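As the structure is a prediction and not an experimental result, all values here were calculated from the model.
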Amino acid sequence: MVRILSALLLLAALAGTLCPAGAGEGGARRSRTDFPGGREMVLVPAGPFLQGSGDGPPEEQPARTVHLDAFWIDRDEVSAAGWERFRLATGHRPSKHSGDPILHRPELPIVGVSWFDARAYCRWAGKRLPAEAEWEKAARGPDGRRYPWGNDFDPRLAASEGAVPEPVGGQPGGESPYGARSMAGGVWEWTNDFWGEFYYREAPGRNPKGPPSGFLHVIKGGSWREPPGFLRGATRFRLDAIVRWKTVGFRCARDARG
């Protein structure tokens, strides 16, 4: 009996070593703050998820199962305060709205930055911009929910059709299944991918990275100014990489094995 119990305990210990909590889709949430830049990141485990929608506009179709390797993504959008630390360290140009007392406050997400600006910040922080598929999985989880919290829009959990942006972190209860915040109703967020209107019809089913070339990039998430339909996790829009809108910001990602 003692030998059997010892063997069971050893197996349990090995399972904990090989599959730590949060390593699978059913595990507990995991986060870290020891990456370069010091910002908290949440783990999105390897596995399949439902990308796109069957009842949305053509650019979201077809809904399909996509498998992604594990990755980390910032829990929150990059703030204006975080952006200014980057600028102080690098001499990078200011955001387009750096002089706006409503849009450029330390506690708000940074806006008025181009795709190139966002990429430069992520590289400085030892990270990268998320792929479109990574962003969508981080927002929706593996079950294809419409919003980070579920299938029905709740105005208490995300800003919609508002006049001013919300502080970084959003509303309690609006987190995604992995703990990422403000992935609906914060600001539109740059992804790394080039835009392809019908890309889902030809994209690989594992770790899609977007079309190989282009000048438009995918943005996701909607902003505090849009109606609920634009805040769905499947919603995708495109923007020229040089444009600096007052409703567009970003967050960074990092390979789990990196």
Side-chain angles (χ1 to χ4, degrees), residues 21-33 35 39-53 56 60 63 65-79 109 122 127-160 165-193 208 218-224 226 228-237 248-256:
E25 292 290 4
R29 293 176 181 173
R30 288 183 59 191
S31 65
R32 286 176 57 181
T33 58
F35 290 116
R39 302 187 70 242
E40 184 174 5
M41 304 189 81
V42 296
L43 178 68
V44 179
F49 84 106
L50 184 66
Q51 184 179 31
S53 67
E60 296 177 13
T65 299
V66 173
H67 188 286
L68 297 181
D69 293 340
F71 63 96
W72 295 91
I73 192 166
D74 286 345
R75 186 185 186 195
D76 295 312
E77 296 154 331
V78 173
S79 67
C122 291
K127 305 174 186 178
R128 57 175 173 77
L129 284 170
E132 178 185 8
E134 290 176 332
W135 192 101
E136 188 167 333
K137 183 177 181 180
R140 303 179 71 186
D143 56 4
R145 59 186 62 188
R146 291 172 66 85
Y147 300 99
W149 56 83
N151 289 323
D152 298 320
F153 183 74
D154 188 336
R156 298 170 300 178
L157 303 182
S160 176
E166 288 189 316
V168 166
Q171 299 298 321
E175 301 88 353
S176 80
Y178 307 109
R181 304 190 295 189
S182 290
M183 300 200 84
V187 294
W188 288 100
E189 297 182 25
W190 288 110
T191 71
N192 192 62
D193 295 22
V218 179
I219 56 174
K220 300 281 286 182
S223 81
W224 78 93
E226 273 71 54
F230 282 86
L231 274 55
R232 297 175 300 109
T235 298
R236 54 197 306 258
F237 198 65
V248 179
F250 67 100
R251 74 182 74 209
C252 305
R254 184 183 175 100
D255 295 348

Do [X] side-chain atoms and [Y] backbone N/O form a donor-acceptor pair below 3.5 Å?
X    : Y    : value
K137 : V66  : no
K220 : M183 : no
R140 : G52  : yes
E175 : G173 : yes

**OP:** Under the side chain to side chain donor-acceptor pair (under 3.5 Å) rule, collect the residues that match up with T191, sequence neighbours excluded.
**Re:**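 Checked T191 against side chain to side chain donor-acceptor pair (under 3.5 Å); zero matches.
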Atom of [X], atom of [Y] and distance for their closest heavy-atom approach:
X    : Y    : value
A133 : P208 : CB-CG, 3.8 Å
G229 : Y147 : N-OH, 4.3 Å
F71  : L68  : CE2-CD1, 4.1 Å
P142 : Y178 : CD-OH, 3.2 Å
L50  : T65  : CD1-N, 4.3 Å
P177 : P148 : CD-O, 3.5 Å

From [X] atom [atom1] to [Y] atom [atom2], the distance as rounded to the nearest 0.5 Å:
X    : Y    : atom1 : atom2 : answer
D69  : E134 : CG    : CD    : 9.0 Å
R254 : R128 : CZ    : CZ    : 10.0 Å
M41  : R30  : CE    : CZ    : 13.0 Å
S176 : R145 : OG    : CZ    : 8.0 Å
S160 : D154 : OG    : CG    : 11.5 Å
L231 : R146 : CG    : CZ    : 11.5 Å

Subject >> Worked verdict on V44 versus I73 for side chain to side chain contact (heavy atoms under 4.5 Å, CB included) >> reply: CA-CA 7 Å; V44 179; I73 192 166; 4.2 Å; yes
Subject >> Exceeds 12 heavy-atom contacts within 6.0 angstrom, atom CZ of F153 >> reply: yes
Subject >> Residue pair V187, E77: steps toward the side chain to side chain contact (heavy atoms under 4.5 Å, CB included) verdict >> reply: CA-CA 8 Å; V187 294; E77 296 154 331; 3.4 Å; yes
Original post:
Sequence neighbours excluded, which residues qualify as salt bridge (charged side-chain N to carboxylate O under 4.0 Å, His left out) partners of D74?
Top reply: R39, K127
Subject >> Any pair counted as side chain to side chain donor-acceptor pair (under 3.5 Å), so long as it reaches residues 179-189, sequence neighbours left out >> reply: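 Matches after skipping sequence neighbours: D76-R181, W135-E189, W188-E226, E189-R251.
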